[in-house]
Trainee: 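Quick one: the structure is below, and I'll ask about it shortly.
Counting starts at 1 for both ligands and their atoms, following the listed order.
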Amino acid sequence: MAQVRMTVDGVEHTDDVEPRVLLVQYLREWLGKTGTAIGCDTSNCGACTVSLGGQSVKSCSVLAVQADGGEVTTIEGLARDGRLHPVQQAFHDNHALQCGYCTPGMIMQAVDLLGDNPEPSEQEVRHGLEGNLCRCTGYQNIVRAVQDAARKMRPEAAVEPAPDPADEPAPAAGRG
Ligand code: FES
Ligand code: FES
């Protein structure tokens, strides 16, 4: 047995695991993070993609002991204050999933891609996601969603427009 300690979705965990335990097994079976899927177990499909130390990794190709001391973010840690991450929201808005099996890994990979390249071309999105397989969607809406998220994550998109005084509710009658 080996002891591993890592922060997963903002919470620190310490556990004893056999050295052969994969990171994806640790996440799912020890921590109950079943949002991270296992598709192939042979590092082909990308369904198990998580962020480890800010880099996307296929968690079926990493041993839990290799992640010792690291910081892991799974699909379950992306939302903030009850709001979906912009990439999650864009997948929803652009109908970028059907069965949803590939989606957690696809989103984690897309987040990593946009971290490296905030304005990817269609070709760059396709290239960045080539390690993630989807057997349902044909990829078109996934690419569209990633580019939509990219637009919405740009700093200028985050500037809230000033409220229009015409939208202010009229004062209630009789008040004051
Ligand atoms: Fe890890 Fe398929 S389950 S790449
Ligand atoms: Fe079914 Fe991608 S939505 S595998």
Trainee: Considering the heavy atoms of Cys40, write down every atom of ligand 1 situated less than 4.0 Å from one of them.
Mentor: 2 (Fe), 3 (S), 4 (S)
Trainee: Among all protein heavy atoms, pick out the one at the shortest distance from atom 4 (S) of ligand 2; state its residue, atom name and that distance to 0.1 Å.
Mentor: Arg135 N, 3.4 Å
Trainee: With a 4.0 Å cut-off, would you call Asp9 and Lys33 a salt bridge?
Mentor: yes
Trainee: How does Thr49 reach ligand 1, by side chain, by backbone, by both or by neither, if only non-hydrogen atoms under 4.0 Å count?
Mentor: neither
Trainee: Under 4.0 Å from a heavy atom of Ser43: which atoms of ligand 1 are those, numbered in the order shown and with their elements?
Mentor: 4 (S)
Trainee: Closest heavy-atom contact between Met106 and Asn132?
Mentor: SD-CB, 3.5 Å
Trainee: Can an N, O or S atom be found in Cys134 less than 2.8 Å away from atom 1 (Fe) of ligand 2?
Mentor: no
Trainee: Compute the angle centred on atom 1 (Fe) of ligand 1 spanning SG of Cys48 and SG of Cys60, and express it rounded to 10 degrees.
Mentor: 110°
Trainee: Looking at Asn44, which atoms of ligand 1 are within less than 4.0 Å of one of its heavy atoms?
Mentor: 4 (S)
Trainee: Between Leu114 and Met153, is there a side-chain heavy-atom distance shorter than 4.5 Å?
Mentor: yes
Trainee: Number the atoms of ligand 2 from 1 as they appear, then name those within less than 4.0 Å of a heavy atom of Gly100, with their elements.
Mentor: 1 (Fe), 3 (S)
Trainee: Near Gly46, which atoms of ligand 1 are under 4.0 Å from a heavy atom of that residue?
Mentor: 2 (Fe), 4 (S)
Trainee: Show the atoms of ligand 2 that are less than 4.0 angstrom away from any heavy atom in Cys136.
Mentor: 1 (Fe), 3 (S), 4 (S)
Trainee: Assess the side chains of Gln109 and Thr49: does a donor N or O sit below 3.5 Å from an acceptor N or O?
Mentor: no
Trainee: Ignoring hydrogens and angles, state whether a donor on the side chain of Asn94 or Asn141 is under 3.5 Å from an acceptor on the partner side chain.
Mentor: no
Trainee: Regarding Arg126 and Glu130, does a basic nitrogen lie under 4.0 Å from an acidic carboxylate oxygen?
Mentor: no
Trainee: Could you tell me whether Arg144 and Asp148 have a side-chain N and a carboxylate O separated by less than 4.0 Å?
Mentor: no
Trainee: Only one of Val143, Asn117, Val146 passes side-chain contact (heavy atoms from CB on, under 4.5 Å) with Glu124; say which it is.
Mentor: Asn117
Trainee: Within a distance under 4.0 Å of any heavy atom of Cys45, pick out the atoms of ligand 1 and give their elements.
Mentor: 2 (Fe), 3 (S), 4 (S)
Trainee: Any N/O/S atom from Cys102 (main chain or side chain) under 2.8 Å of atom 2 (Fe) of ligand 2?
Mentor: yes
